[in-house]
Number of protein chains: 2
Amino acid sequence: MDDAPALPLDAETMAHEAENGHKAELRLWLRLLTLSNLIEAEIRRRLRERFDVTLPRFDLMAQLERAEEGMTLSEVSRRMMVSNGNVTGLVETLVASGHLERHQSPKDRRSQVIRLTALGRRDFARMAAEHQEWIASFFADLDEGEIERLMTLLGRAKASVRRAKGDTV
Amino acid sequence: MDDAPALPLDAETMAHEAENGHKAELRLWLRLLTLSNLIEAEIRRRLRERFDVTLPRFDLMAQLERAEEGMTLSEVSRRMMVSNGNVTGLVETLVASGHLERHQSPKDRRSQVIRLTALGRRDFARMAAEHQEWIASFFADLDEGEIERLMTLLGRAKASVRRAKGDTV
DNA sequence: GGTCGATATTTTAAGCTTAAAATATCTCAT
DNA sequence: ATGAGATATTTTAAGCTTAAAATATCGACC
């Protein structure tokens, strides 16, 4: 903690910094974030415009799509990586709009199982089809090899982040 | 709209889909989003824990760091890519905490110029130093070449998305 | 000089998100 | 059986975010 935290940087180190003086890793993070936000904002805009639905609601329905027997709120919350309370509110809305149904779990009286209704499945299918086309068009200028390399590198980055997060623990 | 929207997929197409039946582009988007969210959540957590500050406030201060003469709210709003009303609220908070000062613009009575105070510069410098170390550690398992390739591919992806967004207009 | 469209900012309403606290129920070791 | 700790859910308070409407001012054109 005490060793030279603010030493002037040598020439080689400087050469690795960008025009804005940021380290390569920081520039990478900013580019990643910008791209992610750019895509997400456009998806939100289109979901709203085309289907009058929010992204969180779409994501929740996506989690339930393949769960024929439904899922508990906790399971949805874990998969979406959001808080329990968050899911409570989203489910409330989607039950009210007729897209979801909830039942007490027969095995655990603490739990509720939620499931897409017929309306929910129908509406989600429509939205998912367009959504997939949007995404494909976003990356249309990348060839197969580039997509493959991006997948690999992002996978390695994800592993690195998980390792780094845990290091502190 | 009428031409065969749901034709069964041929073998070659199927081969390009993943275990979960998603197209490569969709899997790429999900991986990108997951990584971005993973990093962002950890940064939010650490900023809160270490400095009791939120990410949007940190981002706003970051925008002002190099603007010796300050910036207008609109300029900040454009650079942060968030709404004007959003900036209004963040500035309110940071002025109250003594990190920002605001002045009427001498040239335009509609505009206000905001600038970091001495406290703001000092606190931001402390936070930015740690923040940069966090990011570096997150990507520590990637070598220089991998970071370089990721930067390039993300840059190409960004260009593709911008092109695709505009296509509809 | 007056008017009109553009720009800067604020306000408002709606919705998302979280952490933390409160309830209810479950599980399991004794 | 029972009591403790774990788990499922909801509630609450605080904060972020946006779109849209409302104000105020600017700039340019007639």
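In the text below, chain A, chain B and the rest are named by the order of the sequence lines, each starting its count at 1.
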Counting the atoms with a prime plus P, OP1 and OP2 as sugar-phosphate, which does [X] contact under 4.0 Å by heavy atoms, base, sugar-phosphate, or nothing?
X: A:Asp108; result: sugar-phosphate
X: B:Ser105; result: nothing
X: B:Ser111; result: sugar-phosphate
X: B:Thr88; result: base
X: A:Ser77; result: nothing
X: B:Ser74; result: sugar-phosphate
X: B:Val87; result: nothing

To the nearest Å, give me how far apart [atom1] ([X]) and [atom2] ([N]) are.
X: A:Arg109; N: D:dA6; atom1: CZ; atom2: P; result: 22 Å
X: A:Leu94; N: C:dG15; atom1: CG; atom2: P; result: 12 Å
X: B:Ile114; N: C:dA8; atom1: CD1; atom2: P; result: 14 Å
X: A:Asn84; N: C:dA21; atom1: CG; atom2: P; result: 16 Å
X: B:Gln112; N: C:dT9; atom1: CD; atom2: C1'; result: 7 Å

Given the side-chain rings of B:Phe51 and B:Phe58, with only the six-membered ring counted for Trp, is the space between their centroids under 6.0 Å?
no
Quiz question: by atom type and distance under 3.5 Å, do the side chains of B:Arg79 and B:Gln63 form a donor-acceptor pair?
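No, because no side-chain N or O of B:Arg79 sits under 3.5 Å from a partner of the opposite role on B:Gln63.
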Test log, rule side-chain contact (heavy atoms from CB on, under 4.5 Å), inputs A:Phe139 and A:Ile39
CA-CA 10 Å; A:Phe139 294 118; A:Ile39 297 173; 3.7 Å; yes
Would one find a side-chain N or O of A:Asn86 under 4.0 angstrom from OP1 or OP2 of C:dT18?
yes
Quick check: on DNA chain C, is the nucleotide nearest B:Glu92 upstream (toward 5') of the one nearest A:Lys107, or the reverse? Name the residue that is more 5'.
B:Glu92
Answer yes if A:Val161 and B:Ile135 sit in the same cluster of Ile, Leu, Val, Met, Phe, Trp and Tyr residues linked by side chain heavy atoms under 4.5 Å apart, and no otherwise.
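Result: yes, single cluster for both.
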Closer than 4.0 angstrom, basic N to acidic O: yes or no for B:Glu42 and A:Arg162?
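No, this pair does not count.
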Please determine whether any donor N or O and acceptor N or O are separated by less than 3.5 Å between the side chain of A:Arg110 and the base of D:dT7.
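Present.
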